[in-house]
2 protein chains.
Amino acid sequence: MDGGAAPRGRRLDAGARREQILEAAVACIAERGFGATTRELAQRAGVTQALLYQYFESKQALAEAVYERIYLGRLDPRWMREIRDRAVPVEKRLEAFYRRYTAAIFTYEWMRIFMWAGLAGEGLNRRYLGTVEARLLRPLAEEIAADGRFGAPELEAMWALHGSLVYIGIRRFIYDLPTPEDPGPAVAAGVRRFLDGLRAEARRARRRELR
Amino acid sequence: MDGGAAPRGRRLDAGARREQILEAAVACIAERGFGATTRELAQRAGVTQALLYQYFESKQALAEAVYERIYLGRLDPRWMREIRDRAVPVEKRLEAFYRRYTAAIFTYEWMRIFMWAGLAGEGLNRRYLGTVEARLLRPLAEEIAADGRFGAPELEAMWALHGSLVYIGIRRFIYDLPTPEDPGPAVAAGVRRFLDGLRAEARRARRRELR
DNA sequence: GCGCTTGTTGATCGTTTGATCAACGAAGGG
DNA sequence: CCCTTCGTTGATCAAACGATCAACAAGCGC
C-alpha cells in the first residue's frame, strides 16, 4: 500500500523522496482522480502532507508531474519503425503492433489517468491522440493501402479498429467488467476481422469498377 | 445557460423547481463530475445553494437522481424486438440497431456522466453494461449465428464491434477530438466491415473442416 | 384585507481543503 | 565534540465545502 520504502519520518535523499511521492500520486490519482486530497497522497506515500510542498510547488504541479510521468515516452519509436518494415507481411505488422501497444497501455494507472485527464479537459489527450493518429494510424493506413489487397482504408476505419481494441482496456479498468486476462488473442482476432472486412469491401469496390 | 426558466427568487411549484434543479445538475455533473460543488449546481439552476436541500436530502442523493435520470429507460425495448425480427436481413437489423443506439447515447451528458460514474466506481456501469450484454449483444450474436453466413460470433467479437462504435462518442465527448458530425455512415461502415470479417472467418473455418 | 400555506433566502455552523512556516533532528565535515 | 546542512514535522491559516435554520414573502382561500 505504501510506496514500498522507508519508515515514516526517516530521512531520504531528495531524489528518492520525490520519486516516492510521485509514485504514490500516480496510484492515488489513478484511483480517485484529481479530486484526491493532498492528505491522501501524503498518507499513501508515507509522509506528512506538508512535505509534498517541499518537492512540488502545488497540487496542480504534482498532478502535472503525474501526467508527464505516465505519458512521456509511452509511444515506443521502435513501433513506428516496425510498422514500416515491408519485409514483414502487413497483417503481421498490424497484429504485432497492437499486441505491443495494448500490452503497454493496459494498466490500471495508464487507462484511468488518461480517462480522468480527458474528463477534466486537459489538453493532454488531444495532443497524445493527435500523435497516435499522425505517427501510428496514418502510417498503418498507408502500409495497408500499399499492400494492394485491402484497398485504402480511411482514417475513420483505423479509429474504429483502434477503438475496438482500446475498449477492452476501458471495460476492464474503467467499468471493472470481466475481460480476457490475456487480451492477446482478442487483439489478434480483432485485427484479422478488421483486415478481412477491408478486403471484402475492396473486392466489392473493384467489382463495381469493372462493371 | 440557466435551466431556461424563472427569474431568480420567483416562486415555482415544487415539481417544476425540482425538475429545474435536476436538469442543471445533469449539465453540471456531466461537465465537472461529482466534484462539482453544490454552489455551482445552484448557480446553474438559478437558485440559492440552500434550496437544493429542500428538494434533495444531500448532494449524494442529488447525484443519484442524476444517474437515474440519465440511465432509466435509455434502452428502448423496441430495439430488442426489432433485433429479433427475422423478416428483415440480419445485416439491416444490426445496422439499424446501432444507428439508433449511437443516436441515443451520443450526447454530451450521457457519455460523460457514464464515464464519470465508471471512474468513480459506482456499480451503475456494471449493471447497465450487463444488461447491454444480456439483452442486446447476446441476442445479436444469436441472430447473426442463425443467419448461417457469418458463423457464430463470440461475445468478445460483439464487444469489439460495440467498442469500435462507442469509441466514436468517447473521442468526441471525452477527448474533445474531431469526429464526423453525423456518425451514421461511420456506424454503417463499421457494421459492414464487422460482418464481412465474420464471414471471411466463417469461410476459412468451413474450408478447414472440409479438408 | 387577513391569515395561512409553502417556496425561497441570507446567514451561519463545523469540517475539510490547499498551503505556509517556525522548529526539530539526523547526518557529515572539521 | 560542535556546528552546519537539509530533509522532515506539527501547528496553523484562510478559503471553500456540505449542510442547517430562522426569517421572509408570494400566492390563495375566505
Side-chain angles (χ1 to χ4, degrees), chain A residues 2-67 116-117 120-122, chain B residues 2-29 31-67 116-117 120 122:
Chain A
D2 68 338
R8 162 142 183 167
R10 253 321 204 277
R11 283 170 74 92
L12 223 55
D13 73 286
R17 187 63 86 186
R18 190 189 146 96
E19 179 58 27
Q20 184 188 33
I21 291 173
L22 192 49
E23 199 69 30
V26 164
C28 213
I29 289 185
E31 188 179 321
R32 309 247 293 105
F34 187 70
T37 68
T38 54
R39 284 168 178 82
E40 285 181 280
L41 301 182
Q43 186 175 14
R44 169 119 39 167
V47 301
T48 52
Q49 182 243 1
L51 194 60
L52 300 185
Y53 293 89
Q54 184 78 359
Y55 296 96
F56 299 92
E57 185 135 352
S58 64
K59 187 186 170 186
Q60 178 67 33
L62 175 53
E64 273 160 26
V66 166
Y67 291 151
W116 284 117
E122 314 288 342
Chain B
D2 67 340
R8 163 141 182 165
R10 254 317 207 279
R11 283 170 74 93
L12 223 56
D13 73 286
R17 186 64 86 187
R18 190 190 146 94
E19 179 58 28
Q20 183 189 34
I21 290 173
L22 192 49
E23 199 71 30
V26 164
C28 213
I29 289 185
E31 188 178 321
R32 310 247 292 105
F34 186 69
T37 67
T38 53
R39 284 167 178 84
E40 286 181 280
L41 301 182
Q43 186 176 14
R44 169 117 39 166
V47 300
T48 52
Q49 183 243 1
L51 194 60
L52 301 185
Y53 293 88
Q54 185 76 1
Y55 295 95
F56 299 92
E57 185 136 353
S58 64
K59 186 185 169 188
Q60 179 68 32
L62 175 52
E64 272 160 27
V66 166
Y67 291 151
W116 283 117
E122 315 287 343

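None of the values given here were measured: they were computed from a predicted structure. Order of the sequence lines fixes the chain letters, A, B, ..., with proteins taken first and strands second; residue numbering starts at 1 for each chain.
Between B:Arg18 atom CZ and C:dT6 atom C1' there is a gap of 17 Å when expressed in whole angstrom units. Remark: P of D:dA26 and CZ of B:Arg17 are 14 Å apart, rounded to the nearest angstrom. The nearest whole Å value for the distance from the CD1 atom in A:Ile21 to the C1' atom in D:dT9 is 13 Å. In this entry the distance linking CG of A:Leu52 with P of D:dG7 reads 15 Å, nearest Å. In this structure, B:Leu51 atom CG and C:dG7 atom P are separated by 10 Å, rounded to whole Å. Remark: P of D:dG10 and CD of A:Gln54 are 15 Å apart, rounded to the nearest angstrom.
Contact record, A:Leu41 with A:Ala24: O-CB, 4.2 Å, taken as the closest heavy-atom pair. Smallest separation of non-hydrogen atoms from A:Trp116 and B:Ala120: CH2-N, 4.4 Å.
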Can you tabulate the close N/O pairs, meaning under 3.5 Å, that link protein atoms to atoms of nucleotides 23-27 of chain C?
residue: C:dG25; atom: N2; partner: A:Arg11; partner atom: NH1; Å: 2.4

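Remark: B:Gln49 pairs with B:Thr38 by the side-chain hydrogen bond (donor to acceptor under 3.5 Å, both in side chains) rule, at least two apart or across chains. For A:Ala14, the side-chain contact (heavy atoms from CB on, under 4.5 Å) partners two or more places apart in sequence, or in a different chain, are A:Tyr55. Contacts of B:Ala16 classified as side-chain contact (heavy atoms from CB on, under 4.5 Å), with partners at least two apart in sequence or in another chain: B:Leu12, B:Asp13.
Taking side-chain N and O atoms only, A:Tyr55 has no distance below 4.0 Å to OP1 or OP2 of D:dG7.
The backbone N or O of A:Thr37 lies less than 3.5 Å from no partner atom in the side chain of A:Lys59, so there is not a single donor-acceptor pair.
In this structure, B:Phe56 reaches neither bases nor backbone, as no heavy-atom distance under 4.0 Å exists between it and the strands shown.
Listed by first and then second residue, the salt bridge (charged side-chain N to carboxylate O under 4.0 Å, His left out) pairs involving residues 26-37 of chain A are A:Glu31-A:Arg44, A:Arg32-A:Glu40 (not counting sequence neighbours).
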Checklist line | Candidate pair A:Glu64 and A:Phe56, rule side chain to side chain contact (heavy atoms under 4.5 Å, CB included), full reasoning | finding: CA-CA 10 Å; A:Glu64 273 160 26; A:Phe56 299 92; over 6 Å; no
Notebook entry, point to check: What do the steps show when you test B:Ile29 against B:Leu62 for side chain to side chain contact (heavy atoms under 4.5 Å, CB included), and what is the final call?
Noted result: CA-CA 10 Å; B:Ile29 289 185; B:Leu62 175 52; 5.6 Å; no
Notebook entry, point to check: Which letters describe nucleotides 12-22 of chain C, given B = protein heavy atom under 4.0 Å from base, S = only from sugar-phosphate, - = neither?
Noted result: -----BBBBB-
